Amino acid sequence: MRTLLAAGWLLLPLWGLATDLPRPLTLRNHRPLSLPFYRFEPTGLPDRPPISISLTGANELRFAGDGIKFLQEDVEIWRMTLDFSAPLAGTRHRWFLQVPLVSYGGGFMDPMIDAWHDLLLGWSDPHRDGTPRHRAFVQTTRTSFGAGEGLGDVALGLSRRTGDFRIGFALKFPTGSPGLLTGSGGWDAGASLEYAERFHPRWSVHAMLGLVYQGSAWRLPEARTWIDQQSLAFIYEPNATEDWILQWQSEASSLRTGIASSDATHRILSFGYRKRLPKGQTLEVYVSEDKDLFSGYLPELASVGPDFAVGLRWTLER
């Protein structure tokens, strides 16, 4: 909570927000050991849209150890989220409901990621070169998981715009399966603060801070209690129907395993494109990268996350 208050104080001089600002990318870090817990996804200053549907595919390969402790993740995750929002009768608040459907499996993106690393990033991952493709396996220091799919943990929240800020609160219910890693088995709760400003006729910036309390997770006993989140997005509008977005997101690791590379702050960079369609619809696509983008040399920009993630979101704005 002190983090949120301090950030709000620092942002006070930035008042003067225009009302027609575009949204940032509404997404999160899809590392499989973070997904069972609640995370705030940036939504922007406009009211949350009444309906939004997203589909994200993320491929993760991670081997980490520290002494006798060892962790590995070799899995492809597909996550669909259905988001609904509406005004709360008689108030200036909006409630929102998020329903995720999650699938863990071997997937098909391994060869594509090898080509991505080789052709676009200019290097080859020795772990991927020596690992069989299309496996579905997640092992922490205390337990392990295989392939699985099902309903994730449903979240219900409330948000309100206050001046140039939007304040949000959320509660996550244990509706998913802890055994299949589609849910944590516990209740999460948190608060967020968002801010946005146009600093050029075609450019705007969006910032978000969040604080999440992670409830008890009996299959993941290494879970932290408090998770802080930050995001920063720069949005370019070349015309009235398109947005290009560069977005940075950071959060504490969901688990405290004692393995430094896994417990490090999770940061990803995302690049997105949004197209406004007729009848109040929008369609956006994005890709996210972890430390592989900079070969691990700039952890302040990108550090821990899936090797590669790609997403698609359709939104009905009104």
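It should be emphasised that the depicted structure is a prediction, and the values quoted were computed from it without experimental measurement.
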Taking atom NZ of K69 as the centre, report whether more than 12 heavy atoms of other residues, nucleotides or ligands fall under 6.0 Å from it.
->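 No, the 6.0 Å shell around NZ holds no more than 12 heavy atoms from other groups.
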Which heavy atom of [X] sits nearest to which heavy atom of [Y], and what is that distance?
X	Y	value
S254	F37	CB-CD1, 3.8 Å
L25	S270	CD1-CB, 4.0 Å
D188	G215	OD1-N, 2.9 Å
A252	R39	O-NH2, 4.3 Å
W248	E300	NE1-O, 3.0 Å
D290	V304	CB-C, 4.2 Å

Residues forming a side chain to side chain donor-acceptor pair (under 3.5 Å) with [X], sequence neighbours excluded:
X	value
R31	E73, S262, H266
S85	R94
S204	none

Would [X] and [Y] count as having a side-chain donor-acceptor pair, cut-off 3.5 Å?
X	Y	value
S231	Q247	no
S184	Q214	no
T182	Y104	no
W244	E242	no
E251	Q249	no
T81	S54	yes
Q230	D228	yes

Do [X] and [Y] come within less than 4.5 Å of each other through their side chains, counting heavy atoms only?
X	Y	result
R267	L301	no
L277	K279	no
D164	E197	no

Between F199 and F234, what is the ring plane arrangement, given parallel below 30°, perpendicular above 60°, and tilted in between?
->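 The arrangement is perpendicular - the two ring planes meet at more than 60°.
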Once rounded to the nearest 0.5 Å, what's the spacing between atom [atom1] of [X] and atom [atom2] of [Y]?
X	Y	atom1	atom2	result
I77	L181	CD1	CG	8.5 Å
R274	T26	CZ	OG1	7.0 Å
Q139	F70	CD	CZ	7.0 Å
L151	L101	CG	CG	6.0 Å

Test: R79 and E41 ion pair at under 4.0 Å |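 Salt bridge between R79 and E41, a charged N being under 4.0 Å from a carboxylate O: yes.
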Decide, yes or no, whether a salt bridge links R166 with D47 under the criterion of side-chain N to carboxylate O below 4.0 Å.
-> yes
